[in-house]
Amino acid sequence: MNIKRLLLSLSALFSAILILTFAVSAEATEDKCGENATWSLDSETGVLSIVGTGEVDAQDPMPWYLSSMYVKEVVIGEGITVIPENAFEDCDMIEKVTLPKSLTAIGENAFKNSDIKTIISPCSCYSAEYAEKNAQKTELIHTFGEWKVVSKQGVGVEGIDRRSCSECGAEQEKKYPALVNPFKDVPNSCWYTNEVIFCNDNGYMNGISDTNFSPNTPLTREQFVMILAKLSGADLEKIKYRAIFTDVTDGKWYTKAVVWAYDYGITNGIGSGKFGIGNRVKRQELAVFLHTYAKNFGKSLEGAYNITSYSDYNSVASWARESFSWALANKLMKGTTSKTLSPTITATRAQVAVTVKSFCENILKK
């Protein structure tokens, strides 16, 4: 009797294990795994397929985790761009992986502890050796060249940059939304339009009103140090007033920006204890401000342009020559003509907007 009961108990336990096993194997064999990506598992063949477009989301655990013991092969469909870290970690039954040409990155430990013997791809950038060496390393799979402008971003025009892999020709694109011009006095297509909109959109320079920018108005020294403070992300509310310059009093809109600029070594004023409030900023002063900012904030100081090629190079003050040379070499500024620098003329708001955008792209992003 006891033996029969034991056998019945064992039979019930075995049935429960079978039910649990089938429940686990049947659980979540198809679901979303990204904003535009889904996965499915064929329990008979052990093939896990991912189809759709864009990135596979990083999740902990991944949605196929409970079925990982059944996965023998992974097929990533064309259109998928990123396999996240730990995606198939400990899926130790995986022997074969098919990858698409659209793939641009494999996350760290994506195939850790798997037993990949075969990797199939239409792209020459992939190999079994690559998979073995890079399963625990995050990096771009393709060898991409420099980004090239396909369509320049403008008012009402979407911007498109493109680059291609030097090994297989696979391409990547970056798209930028069309610009919206809020200013009536800024033409939709001229040499400073995009730059003015860039500075306004990022809060570096505002219009003199909601609908006017006043592009030809000269910029003053205090206005420019305010721009620099905004570029740095400085919290001016924390700046306490000190009587550093005789022409900078407490409570003005520019006071804390001037104190900030002094504290960070960006300006020592114009002499005689003055900052030069209301003074129009000259082109050579603009170059010095930017060069000093780059130096004191640890940005690149590389590059030197031979200013003697300009007929008025002797007009550049000795204290501004190195800065002007650096600014020209890094395409922050250029001559007013092919033969003149015009270092002592004042910079307009439009000119400063162009310089600020170039400074952001060529210096701050490096």
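This is a predicted model, so every value here is computed, not measured.
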Exactly one of Val259, Thr255, Val258 clears side chain to side chain contact (heavy atoms under 4.5 Å, CB included) with Ile239, and that residue is Val259
Of all heavy-atom pairs linking Ile244 and Tyr262, the shortest is CD1-CD2, 3.4 Å
List the steps, then state whether side chain to side chain contact (heavy atoms under 4.5 Å, CB included) holds for Tyr254 with Val225.
-> CA-CA 8 Å; Tyr254 53 77; Val225 294; 5.9 Å; no
Polar side-chain atom of Asn202 near backbone of Phe198 as donor-acceptor pair, under 3.5 Å = yes
Do you see a donor-acceptor pair shorter than 3.5 Å between the side chains of Ser214 and Asn212?
-> no
Do Thr336 and Thr340 have side-chain N/O donor and acceptor atoms under 3.5 Å apart?
-> yes
side-chain hydrogen bond (donor to acceptor under 3.5 Å, both in side chains) pairs, two or more places apart, involving residues 241-253 | Arg242-Asp263
Spacing of Thr355 atom OG1 and Lys334 atom NZ [to the nearest 0.5 Å] = 10.0 Å
Is a side-chain donor or acceptor of Ser102 paired with a backbone partner of Gly79 at a separation under 3.5 angstrom?
-> yes
Please confirm whether the backbone N or O of Arg321 pairs with a side-chain atom of Ser325, one donor and one acceptor, at under 3.5 Å?
-> no
Look only at the side chain of Gln153 and the backbone of Pro177, and say whether a donor-acceptor pair between them is shorter than 3.5 Å.
-> yes
Does Asp312 use its side chain to pair, donor to acceptor, with the backbone of Leu341 at less than 3.5 Å?
-> yes
Is there a donor-acceptor contact under 3.5 Å linking the side chains of Asn330 and Asn362?
-> no
What closest approach, in Å, do Lys230 and Gly203 show between heavy atoms, and which atom pair accounts for it?
-> CD-O, 3.0 Å
Which atom names give the shortest non-hydrogen contact between Val186 and Phe213, and what distance separates them?
-> CG2-CB, 3.8 Å
So, does Ser151 use its side chain to make a donor-acceptor pair with the main chain of Glu158 at under 3.5 Å?
-> yes
Is there a path from Tyr264 to Ile270 through hydrophobic residues (I, L, V, M, F, W, Y) whose side chains come within less than 4.5 Å of each other?
-> no
All heavy atoms of His291 vs all of Ser323, minimum pair found to be ND1-OG, 2.9 Å
Spatial distance of atom SG (Cys360) from atom CG (Leu332) [nearest 0.5 Å] = 10.0 Å
Just by distance, do the side chain of Glu222 and the backbone of Gly278 share a donor-acceptor pair under 3.5 Å?
-> yes
Among side-chain atoms of Asn113 and Asp92, is any donor-acceptor pair under 3.5 angstrom?
-> no
Thr29 backbone acceptor or donor facing Ser67 side chain under 3.5 Å | no
Minimum heavy-atom distance Tyr192-Asp185, with the two atoms named = OH-O, 4.1 Å
Nearest heavy-atom contact between Thr193 and Pro187 is OG1-O, 2.7 Å
Find the distance between CH2 (Trp147) and CD (Glu173) and round it off to the nearest 0.5 Å.
-> 8.0 Å
Without swapping roles, check the side chain of Glu89 against the backbone of Asn86 for a donor-acceptor pair under 3.5 Å.
-> no
To the nearest 0.5 Å, how far apart are CD in Glu85 and CE in Met62?
-> 10.0 Å
Option from Phe111, Trp39, Tyr65 for which ring-ring contact (aromatic ring centres under 6.0 Å, His included) with Phe88 holds | Phe111
Taking ring pair (Phe, Tyr, Trp, His ring centres under 6.0 Å) as the test, write out the residues that go with Tyr293, two or more places apart.
-> Phe297, Phe359
Which residues share a ring pair (Phe, Tyr, Trp, His ring centres under 6.0 Å) with Tyr313, sequence neighbours left out | none
So, the side chain of Arg162 versus the backbone of Glu171: is there a donor-acceptor pair under 3.5 Å, distance only?
-> no
